[in-house]
Amino acid sequence: MKILLADGQLREFEGSMSVAQIAAAISGKLAKKALAARIDGKIFGLDTVPLDGSRVEILTFEDEEGKKALWHTASHVMAQAVLRLFPETKLAIGPAIDTGFYYDFDAIRPFDAADLEKIEEEMRRITQEDLPVERIEMPRDKALEFTADNPYKQELIEDLPKDTVLSFYKQGEFADLCAGPHVPSTGRIRHFKLLSVAGAYWRGSEKNKMLTRIYGTAFEKREELAAYLEMLKQAKERDHNKLGRELKYFTTSDVVGQGLPLLLPKGAKVMQTLIRFVEDEEEKRGYQCARTPLMAKSDLYKISGHWDHYKDGMFVLGDERKDSEVLALRPMECPFHFIIYNSDIHSYRELPIRYCETATLFRNESSGEMHGLIRVRQFTLADAHIVCTPDQVADEFKGVLGLIIHVMRCIGIENDIRYRFSKWDPRNTEKYIDDPQAWETTQVLMKRILDEIGLDYKEADGEAAFYGPKLDLQFKNVYGKEDTLFTIQIDFALPGRFDMSYVDKDGTKKRPYIIHRSSIGCYERTLAMLIEKYAGALPLWMAPEQVRLMAITDRSLDYLKGWEQKLKAAGVRVTLDERSEKIGYKIREARTERVPYMAIAGDSEAEKGTLAIRKRGEGDIGQMDGDAFIDLVSNEIMKKVIF
RNA sequence: GCUGAUGUAGCUCAAUCGGUAGAGCAGCUGAUUUGUAAUCAGCAGGUUGCGGGUUCGAGUCCCAUCAUCAGCUCCA
């Protein structure tokens, strides 16, 4: 048989051979490392015999799909161990994920830490038994019979077309419904660790039963596993929820409540810097600032549709059944900007009109969802709404993206985000305005714009806003969990609901398009991301403390006080550490506090009129004339952009 | 909201079987005048998240509640 290998080489093998045998024929080392194979673009197990002329790529732990095969088998090993220890447990599903694997169990009681250890021990036994993993195929009715005692598997099978041939994977006494592929034997799983237990709804719906999920991960080498566990530990050190508190950026209080963080002076300083920067940048780009109320009567939200689609997420003041007037804190501010637009008639000549606002918003998130500065009940959004004619939409969209990219460069996260094109879910009529035609045309329009720009994006169904599709800019936190940082949305629904119009060239009234967007997202969340990205060492221009002056002796203290005044006058955020004792410790502390510049002075500096400068990340850069230092720092603050 | 875990000084942690809440760092006071991980001495810091209960006695056991964490669901 002839096989086209991944390196482009066409190789002839004698008779028909499985992928495992092909790998062995190529090299013993490859055979040992092989985990799965890509045959003509599809992933298979190593026991697969490819057709003559197939293109075969042997997958190892270095390949995404090879890793997944190993992790998937690991999840089966875990399930097998659980069944050995707790035979009455029912298995639900257990896939590989980006960082390892999990399995959902319907257990008699939830597993605790001690159970995890026992399960891990039993897994070790199963891997040492080195059981071969076999694929078994059976028709649907037979599969139903085979899984008769497991309602979850039955449900999965029932959902598949009647003529489907189902596959099971068997290792020792254990067999599980599974599409595969898997690695050839349980002995291939060597270095693994169970990480956590959590609840998870069956098939991801809160209406279903909550199952017990165990997360784990596995690696090829002991050092890789150790490195991964170490990475998890270090991620904790960067976690904004820990670091942000340690660095005194924010705090929370039992009596203030959940999801209501309090920004301390340092955090507030960073936020103020970002707000000033964004508001100035928006003004340069033709936005007009508006100020609108934090609450409104229910009437407004009834027009906008929030009352029907978003009421659960709102703080409603008053009781609809009793009170003649019910107010609600705003969860979004679009309706307010639309009312501003409607307060006058507009000519096509005025468009586009861009209203921006640093907007405080309130959303009544459910209790388990709050998290540090990332998910909160009150937040500050750099919000804006652009009213434009249909032919202006594409340019305005690009203009918004240009602004966002500029902002990302200035805060240094341009390469850390992923673009997501968020579309609606036609089946979810409760969440989305039910107008399939309008959804279709708007999504096509947005896709055209995205493709014109040549953006590298992923599509996601069921992630749109209730009034239109979105381009979301996604950011991963230290634990790899993804959140939306910025968003641009095209709205086809609200202009009609608010009966917005402009007078066109021909003197008739036309319906405008609306773009909703946030330039830097919500400041609280962006701040959290920045703390994690920079491990607290924020870039100079936004750092709450830009320069720290330190006196070696009391004699140099007066000298430094002079420079403190001059630095302040130049707009530099400076602090003076008056305690000259423990200077080594203080410098070290300043380093871990991520102060960009330290200027140290003793008797010799005071005599010469210089400062000894230490720059974050670079160490001592020598003595410098005080005025030259002020110029250096001010220039760097002005520049902003992080390369 | 759901499942599980956790709340002791500003931070990190200790307190045996239910038997007087304790240490380091940080803070304050004084001495020290010092050049890159730690000068010395002293002082202060707590209704053990809050509220009930069991007990002669509760940080420890039970109930309730608030908050925090991980995950699910939801979302900027």
Side-chain angles (χ1 to χ4, degrees), chain A residues 102 104 107 109-113 115-116 195-215 232 236 239 241-242 245-246 248 251-260 310 312-313 331-332 359 361 363-377 379-383 422 431 462-463 465 470 472-475 479 481-487 489 516-518 520-526 528-529 550-557 579-592 598 600-605 612 614 619-620:
Chain A
Y102 68 78
D104 284 346
R109 63 168 173 86
F111 301 121
D112 57 28
D115 294 330
L116 278 200
L195 299 169
S196 60
V197 196
Y201 299 109
W202 166 238
R203 306 195 99 176
S205 168
E206 59 186 332
K207 294 185 183 85
N208 291 339
K209 184 168 183 182
M210 181 155 275
L211 308 169
T212 304
R213 174 174 297 180
I214 302 180
Y215 284 93
L232 282 185
K236 212 170 223 157
D239 184 345
N241 208 5
K242 179 172 160 52
R245 289 169 197 271
E246 273 171 22
K248 310 239 182 281
T251 187
T252 50
S253 153
D254 285 10
V255 293
V256 173
Q258 242 191 331
L260 297 168
Y310 206 81
D312 286 349
M332 297 162 187
L361 304 178
R363 296 190 188 174
N364 193 3
E365 307 285 354
S366 346
S367 60
E369 282 150 16
M370 259 71 76
H371 174 69
L373 294 176
I374 286 182
R375 277 296 279 288
V376 290
R377 281 190 162 138
F379 59 95
T380 317
L381 189 71
D383 205 3
S422 300
K431 185 173 159 191
E463 297 285 353
K470 306 193 284 178
D472 289 321
L473 283 75
Q474 304 292 111
F475 190 101
Y479 300 109
K481 192 174 167 169
E482 201 177 84
D483 270 302
T484 303
L485 213 49
F486 317 121
T487 177
Q489 309 165 359
H516 304 239
R517 54 106 271 207
S518 67
I520 200 173
C522 117
Y523 288 97
E524 289 81 357
R525 180 176 289 185
T526 301
M529 293 301 179
M550 285 194 285
I552 304 291
T553 68
D554 286 347
R555 292 183 296 280
S556 56
L557 184 60
R579 304 281 304 269
S580 53
E581 75 210 77
K582 293 189 201 170
I583 193 80
Y585 172 70
K586 288 284 178 180
I587 289 170
R588 187 254 159 192
E589 183 197 49
R591 203 181 305 144
T592 55
M598 283 176 287
I600 306 160
D603 293 341
S604 76
E605 284 83 1
R614 166 175 279 264
D620 289 321

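Heavy-atom basis, side chains included; hydrogens, waters and symmetry copies ignored. Chain naming here is simple, since letters A, B, ... match the order of the sequence lines and numbering starts at 1 in each.
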If only atom types and distance count, is the side chain of [X] paired as donor or acceptor with the main-chain N or O of [Y] below 3.5 Å?
| X | Y | result |
| --- | --- | --- |
| A:Asp472 | A:Gln474 | no |
| A:Ser518 | A:Leu381 | no |
| A:Arg363 | A:Gly313 | no |
| A:Arg525 | A:Ile374 | yes |

Determine the contact category for [X]: base if any of its heavy atoms lies under 4.0 Å from a base atom, sugar-phosphate if only primed atoms, P, OP1 or OP2 are that close, otherwise nothing.
| X | result |
| --- | --- |
| A:Val376 | base |
| A:Thr251 | nothing |
| A:Leu361 | nothing |
| A:Gly204 | sugar-phosphate |
| A:Tyr215 | sugar-phosphate |
| A:Gly521 | nothing |
| A:Gly462 | nothing |

*Identify the two heavy atoms, one from A:Glu365 and one from A:Arg377, that lie closest to each other, and give their separation to 0.1 Å.*
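Shortest heavy-atom contact: O-NH2, 2.8 Å.
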
_On a heavy-atom basis, which atom in A:Phe111 and which in A:Asp115 lie closest, and how many Å separate them?_
CA-OD2, 3.3 Å

Which listed nucleotide ([options]) is nearest to the side chain of [X]?
| X | options | value |
| --- | --- | --- |
| A:Asp483 | B:C75, B:U73, B:A76 | B:C75 |
| A:His371 | B:C2, B:A70, B:G7 | B:A70 |
| A:Phe379 | B:A76, B:A70, B:U68 | B:A76 |
| A:Asn241 | B:U73, B:C69, B:G10 | B:C69 |
| A:Arg375 | B:C75, B:G35, B:U36 | B:C75 |
| A:Tyr201 | B:A76, B:C2, B:A67 | B:C2 |
| A:Glu369 | B:A67, B:U36, B:C74 | B:C74 |
| A:Glu365 | B:G10, B:G71, B:C74 | B:C74 |
| A:Lys470 | B:A76, B:G1, B:U36 | B:A76 |
| A:Met210 | B:C2, B:G7, B:A76 | B:C2 |

_Check: B:U3 base within 3.5 Å donor-acceptor of A:Arg213 side chain_ = no

*Give a yes or no on whether a donor-acceptor pair under 3.5 Å exists between the nucleobase atoms of B:G35, that is its base, and the side chain of A:Glu605.*
yes

*Could you check if the base of B:C13 is syn or anti? Syn means the glycosidic torsion is within 90 degrees of 0.*
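In terms of base orientation relative to the sugar, B:C13 is anti.
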
Atom pair distance, as rounded to whole Å: [atom1] in [X] and [atom2] in [N]:
| X | N | atom1 | atom2 | answer |
| --- | --- | --- | --- | --- |
| A:Lys207 | B:C74 | NZ | P | 9 Å |
| A:Asp254 | B:U6 | CG | P | 18 Å |
| A:Met370 | B:A76 | CE | P | 15 Å |

*Expressed in whole Å, how much space separates the P atoms belonging to B:U48 and B:A21?*
10 Å

*Quote, to the nearest angstrom, the C1' distance that separates B:G1 from B:C74.*
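That atom pair is separated by 10 Å.
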
*asked:* Which is more 5' along RNA chain B, the nucleotide nearest A:Ser196 or the one nearest A:Asp112? Just name the residue.
replied: A:Asp112

*Could you tell me whether the side chains of A:Arg109 and A:Thr212 share a donor-acceptor contact shorter than 3.5 Å?*
no

*Counting just side-chain N and O atoms, does A:Gln258 come under 4.0 Å of either OP1 or OP2 of B:U68?*
yes

